[in-house]
Amino acid sequence: MNKVDVKDIDKKWQDFWSSNKNSFKNTDKKKKFYCLEMFPYPSGKIHMGHVRNYAIGDVLARYKTLQGFNVLHPMGWDSFGMPAENAARENNLDPKEWTQKNIATMKRQLHSLGLSIDWDLEISTCDPNYYKHQQSLFIDMYNKGLVVRKETYVNWDPVEQTVLANEQVINGKGWRSNAIVERKKLSQWFFNISKFSEELLEDLKLLTEWPEKVKLMQKNWIGKSVGCEIDFEIDGQEKVKIFTTRPDTIFGATFLAVSVDHPICKNFSNKDNFLKFKNKASQVGTTEEAIANAEKIGYDTGFRAKHPFIKNKSIPVYVANFILMDYGTGAIFGCPAHDQRDYDFAKKYKIEIIKVVEPKENHEIVADNKAFDGDGIIINSTFLNGLNISDAKDKIIFEIEKKKIGKRKISYRLKDWGISRQRYWGCPIPMIYLKNGKIVPVDKSELPIMLPSDVDLNSKGNPLENHPNWKKTKYKKTGEDAIRETDTLDTFVDSSWYFIRFCSPKLKDKPFDEKSLSYWMPVDQYIGGVEHAILHLLYSRFFMRAIKFNDENIKIKEPFKGLFTQGMVCHETYKNKKGSWLSPEEIKDFKKSEITVGPPEAMSKSKKNVVDPESMIKIYGADAVRWFMLSDSPPDRDIQWSNDGVAAAHKFVQRVWSLNEKAINRKNVKSLEEERKKFLTAINKYLFKITGFIEKFQLNVAIASFYEAIRLMEEYVNKPVENKDFLQSQASLMKAIMPFIPHISCECLSKIEGKDFYSKIKWPGIEKSLLTDENVVIVVQINGKKRGLISAKKDISEVDVIREAQKINNVEKNLRNKKITKKIFVKNKIINFIIK
RNA sequence: GCCCUCGUGGUGAAAUGGUAGACACAAAGGACUUAAAAUCCUUGCCCGCAAGGGAGUGACAGUUCGAGUCUGUCCGAGGGCACCA
């Protein structure tokens, strides 16, 4: 068999696509489709994860294009961030040069995958032409009150020497550096994302094309809880406001607990024993277990709080290590009988325990050493007695509000988004500090506030702060001297609106043009890793709302209509006898016995289980790499890289080519009507199924159908079907397979339909009348067990089926001397005899 | 601890409540060949020379004429949240 050189074909069609763009942008008549894959951080080279992400996206983009949609399929670079700064420091380079070099490499590599990306729309977040508009948006948001400055305890990453947002702290460690995060009190800029807490939660319901998993994660992250605030009076002190979701258990309250950062602690701020306690309370481990099982400790303030509903009763006030200042009010009432934490605490400090909820039925046995937090009936609670929990809540809140000692209150776990970073390689925050202490935005005419290129990255601290004169400026309105903000924006800000910029990436004076935005947004299909389920996706949802808040002409709330989260690319791991990781390349130099093979894990540099996409493309061609990435697993599940797999994909590409050669050189034969119909029906059915599978993102199943279809074609090369029908079927299949393996299929199509086929190419039409077979296979069951099959004309009657079924040896044998009590007949599917 | 998802051959996986294992990888056997490569075909657990039969989708129950699919309980793996009051 003749082999085709896929490298030549790859290059030929990549060049062709570069110079023959399907430029149907801005034709408002057509229905639009905005297909977007998460843009990459330009770290150096693309990895297999990118290949999978962009292969999936490209199938969809090309498919929708063939379907006649006006497709927006752009690409850009998330190009600000720490690695550039680190690399620059290590190699004494300019972060900009390092970044641009990486972008050039990765762009070349993406190009070699044959992606249908419109590179005219390329953007890069470290480009002043991009961040200029980000600064402008920031100023708009500041003016609308969506940017606030607060002094708070922040998460300080000692390795990156910067502040992290709550979302960026994972198990007490920095999300990138993995360093234990410290607490620091600093003045910082925040986006007021919590203003939209309720909306961000409520509108998850609108996202019908998002994975449930991601919506759930966001819901949990926003963490809404409904309860109330209650003021407790304390002799000689200000009232302490507590938050609770269980006001119904107020009669079981036997102590008050506050956070170590609570204002009431000022009373002891210079007492030795309190400082000792505070110190001990902050010493929590960083492992998950340590946090979960941390011992509950308290400091008795000596104060007594008046119980608001029990006359002459007072309860002790403790400072406790398990109360967080930044949730609710930083204070609670403890009800040990019905909250496990309170119970543990009460046991330790010998605090009274009063049961106020009786389990509804005796089914629930309450263990002696456990708090009961299930449903039940209120007891020991005067006017609440006999009510269920829900009614008791309503009643007590009513009483609390009547007494004016508190009110109904909803708390969210979601905090404002801290965006100040003490870094160089990020977007400068366009604010200035005046001599009189005021902080104001710079005049928009001065944008962009550019990063200086002459910075010293080697000294400690913030490079912009250390720069000799960058921060010295003048306030345009008054001409007075001023100092620039030297913090830069969290790089998650950059990626929170890039999908909007793609709608009008070249626009000079504004971040976006309303008309283009309204036409293209929302993104119809967004594709990326599930690791961004909270951070990036929540921030983007916030940004879309902020933009809408700034500009009432914008009607779009949700940026991403459809979301698809693809699985990771895994590979076996290898270790040598010393226990150090080996790459798949390196193991070739070892004997089998010298290597320990580990289970497949996500490809990572640290475990060295990576395969370089570029070298694979060089060996097998772009089509084979794409085909394999899509064929082995459902796109939302992890896939395991295998060299055999990609080699098989390469063979398939060759098979497609060779089939096409046979099709072109086939001798014409006269059709046998029966064969012709069988053939066309089968091909038509495959096309129909494949369309459905692509729509449902079952790309691996679509691929299985292609295997079957191609095999059928191979069979029919020598069967009595006319060339016209055969070639037309081949062309249809090549069009349908084009989104997957565009190079070879375009080559094949150009041979069948001539050079200018590409300008007319369309998704193959499906002939509905050819979707049903004339013959069906009916399953014969006895008591639900398969005993035989019947081939018959479609819509065969029950009587005929029964007669045919009884002719089958195996069926006859099993029915002999048995009484048939029931027959279940499902047309064209099944006959089931029930016998005794 | 709470919440979610998933358990199907040696492997990755298919399967609107209706023929379990499509499609692919690996393995074994065979065809072609002087030989190899390439290509193609067959097999797949148990009984049987075979025709055929039996078991079978993590376990146990249930609903149904019929369950991988629906319900319940349990076991196992993965993920998210985690002192959130």
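Residue numbers start from 1 in every chain, and the chains themselves are labelled A, B, ... in the order their sequence lines are given, proteins ahead of strands. Note that the structure is predicted; figures quoted are calculated from it, not measured.
No engagement by A:Ser631 is indicated, since no non-hydrogen atom pair under 4.0 Å with the nucleic acid exists. Using a 4.0 Å heavy-atom distance criterion, A:Ile834 is classed as a sugar-phosphate-only contact. If you check every strand for non-hydrogen atoms under 4.0 Å, A:Ile639 touches nothing. Note on A:Asp342: nothing from the nucleic acid sits closer than 4.0 angstrom, heavy atoms only. Residue contacts shown for A:Leu789 include a base, since a base heavy atom lies under 4.0 Å away. Using a 4.0 Å heavy-atom distance criterion, A:Asp644 is classed as a sugar-phosphate-only contact.
The partner of B:G72 is B:C60, judged by Watson-Crick or G-U wobble contacts that both fall below 3.5 Å. Nucleotide B:A36 forms a pair with no other nucleotide shown, judged by Watson-Crick or G-U wobble geometry with both contacts under 3.5 Å. In a base pair of the Watson-Crick type (N1 to N3 plus N6-O4 or O6-N4) or a G-U wobble (N1-O2 and O6-N3), with each distance short of 3.5 Å, B:C2 is matched with B:G80.
Between A:Tyr349 and A:Tyr318, the ring-plane angle classifies as tilted under the 30° and 60° cut-offs. In this structure, A:Phe251 and A:Phe309 have tilted ring planes: the angle between them lies in the 30° to 60° band. Aromatic ring orientation, A:Phe333 versus A:Phe232: tilted (interplanar angle from 30° to 60°). The aromatic rings of A:Tyr707 and A:Phe652 sit tilted relative to each other, their planes meeting at an angle between 30° and 60°.
Contact of A:Lys823 with B:C65 (side chain to base): no donor-acceptor pair of N or O atoms is detected under 3.5 Å. The base of B:C81 is not paired with the side chain of A:Asn220 by any donor and acceptor separated by under 3.5 Å.
Atom P of B:C25 sits at a distance of 24 Å from the matching atom of B:C32, rounded to the whole Å. Distance check on atom P: B:C45 versus B:A51 gives 15 Å, rounded to whole Å.
Side-chain nitrogen and oxygen atoms of A:Lys785 include at least one within less than 4.0 Å of the OP1 or OP2 phosphate oxygen of B:A55. Remark: A:Arg787 is in phosphate contact with B:G54, judged by side-chain N or O atoms under 4.0 Å from OP1 or OP2.
Atom CG in A:Leu324 sits about 10 Å away from atom P in B:A85, given to the nearest Å. To the nearest angstrom, P of B:A13 lies 9 Å from CD of A:Gln640. A:Phe693 has its CZ atom 7 Å from the P atom of B:A15, to the nearest Å.
Under the 90° criterion around 0 for the glycosidic angle, B:G56 counts as anti.
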